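Notes for the one structure printed next.
For clarity, every value in this text was computed on a predicted model and none was experimentally measured.
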Amino acid sequence: MPDKQAEQLNKLISGVAKGVPDCLDGIYIFAGKRMFAVAVSLVGRDGAEDVVHDSLIKIARFAHKYRQDENPYGWILKIVRNTALDLIRKKKAHPAASTEEFFSLSSSDYAPDKRDDAIMLEQAMLRLAHDERRAIYLKYFIDMTVREIAAEMKISKSAADRLIKKAEENLKITLSAGRKGD
């Protein structure tokens, strides 16, 4: 990076630390494309804007810790990287309560022909034991592997596999019984 660019970015970071208006905007104008590229590479397009936004907040919060002898792009992009990794970790850490929140499968967002299926699936899911619901949620809605589910639920991999199979079987039985009753 040319010295003038580093010098300009250093001034902007220093300005943010001092509370100078528009310096944070200047950082975004100066480094926003690179910040977005790093975020996209880690979390994809959907989450990249949130990562960049959260990173700018962190830059504002920690600008006073920035040392002028550091590479300003390196410092900024490290914040973006860490923010993206935090987001990824949060998505993988699912408290038990979150499994209850996703059971609004039958929302009005579905087309009428799909809504009946969604209602039937929602009702079938609610008939499962809590651990079975959680395992199905982690596998099919969060896209975790059996190994990740086992670690998340603090059970062995074979126990997680059996739990998922049992839950799937119970869903099949409940859904096929519901279809026969149509």
Side-chain angles (χ1 to χ4, degrees), residues 1-105 107 109-110 125 131 133-157 160-161 163-164 167:
M1 171 176 49
D3 289 335
K4 280 193 172 201
Q5 288 181 353
E7 187 178 318
Q8 181 64 32
L9 209 44
N10 278 332
K11 286 180 184 177
L12 289 169
I13 295 170
S14 178
V16 169
K18 294 174 186 170
V20 176
D22 299 330
C23 283
L24 196 58
D25 290 340
I27 290 173
Y28 179 72
I29 291 167
F30 222 83
K33 287 182 182 178
R34 290 184 187 184
M35 293 170 72
F36 189 74
V38 169
V40 166
S41 72
L42 292 167
V43 299
R45 283 205 174 278
D46 292 339
E49 287 180 15
D50 289 337
V51 168
V52 171
H53 177 266
D54 292 349
S55 297
L56 287 167
I57 291 170
K58 288 180 181 179
I59 288 168
R61 187 180 312 149
F62 298 111
H64 68 281
K65 292 186 176 186
Y66 174 73
R67 293 186 328 261
Q68 293 291 319
D69 62 334
E70 285 186 71
N71 173 346
Y73 276 118
W75 185 77
I76 290 168
L77 297 179
K78 185 176 181 180
I79 290 173
V80 173
R81 179 185 163 275
N82 290 341
T83 303
L85 293 175
D86 287 346
L87 178 66
I88 291 168
R89 277 188 220 100
K90 282 180 189 173
K91 284 185 176 180
K92 291 229 175 193
H94 305 283
S98 67
T99 61
E100 307 305 325
E101 293 170 8
F102 96 99
F103 288 116
S104 58
L105 298 171
S107 77
D109 297 340
Y110 287 102
M125 291 291 291
D131 283 349
R133 277 197 309 269
R134 188 160 184 229
I136 293 294
Y137 170 71
L138 294 172
K139 181 175 182 185
Y140 292 102
F141 292 83
I142 306 300
D143 200 28
M144 288 179 133
T145 65
V146 174
R147 178 172 280 132
E148 291 169 330
I149 292 168
E152 177 75 21
M153 297 182 74
K154 296 177 178 43
I155 58 177
S156 70
K157 184 179 175 227
D161 193 45
L163 183 64
I164 292 165

How long is the straight-line distance from [atom2] of [Y] back to [atom1] of [X], given to the nearest 0.5 Å?
X    : Y    : atom1 : atom2 : value
R147 : K157 : CZ    : NZ    : 5.0 Å
L138 : E148 : CG    : CD    : 9.5 Å
S41  : R81  : OG    : CZ    : 10.0 Å
I27  : D22  : CD1   : CG    : 11.5 Å
K18  : K11  : NZ    : NZ    : 10.5 Å
D131 : I136 : CG    : CD1   : 12.0 Å

Looking at every non-hydrogen atom in both residues, tell me the closest pair between [X] and [Y] and how far apart they are.
X    : Y    : result
L12  : C23  : O-CB, 3.5 Å
R134 : M153 : NH1-CG, 4.0 Å
A48  : V40  : CB-CG2, 3.5 Å
L163 : A135 : CD2-CB, 3.9 Å
I13  : P72  : CD1-CB, 3.9 Å

Compare all side-chain heavy atoms of [X] with those of [Y] and state whether any distance is below 4.5 angstrom.
X    : Y    : result
I59  : M35  : yes
I57  : R61  : yes
N82  : K58  : no
Y73  : F30  : yes
V51  : L42  : no
V52  : L56  : yes
I76  : R34  : no
T145 : I149 : no

Kindly indicate, with the supporting measurements, whether the criterion side chain to side chain contact (heavy atoms under 4.5 Å, CB included) is fulfilled by K139 and V146. CA-CA 7 Å; K139 181 175 182 185; V146 174; 5.5 Å; no
Mind jotting down which residue pairs meet the ring pair (Phe, Tyr, Trp, His ring centres under 6.0 Å) criterion with at least one end in residues 46-67? Sequence neighbours excluded, please.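 Checked against ring pair (Phe, Tyr, Trp, His ring centres under 6.0 Å) - neighbours excluded - the pairs reaching residues 46-67 are Y66-W75.
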Q5 and Q8: CA distance, side-chain angles, deciding distance, side chain to side chain contact (heavy atoms under 4.5 Å, CB included) verdict: CA-CA 5 Å; Q5 288 181 353; Q8 181 64 32; 5.8 Å; no
Treating N10 as the side-chain partner and A6 as the backbone partner, does any N or O pair qualify as donor plus acceptor under 3.5 Å?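 A pair under 3.5 Å: yes.
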Counting only heavy atoms from other residues, nucleotides and ligands, does the tally under 6.0 Å from CD of E49 exceed 12? no
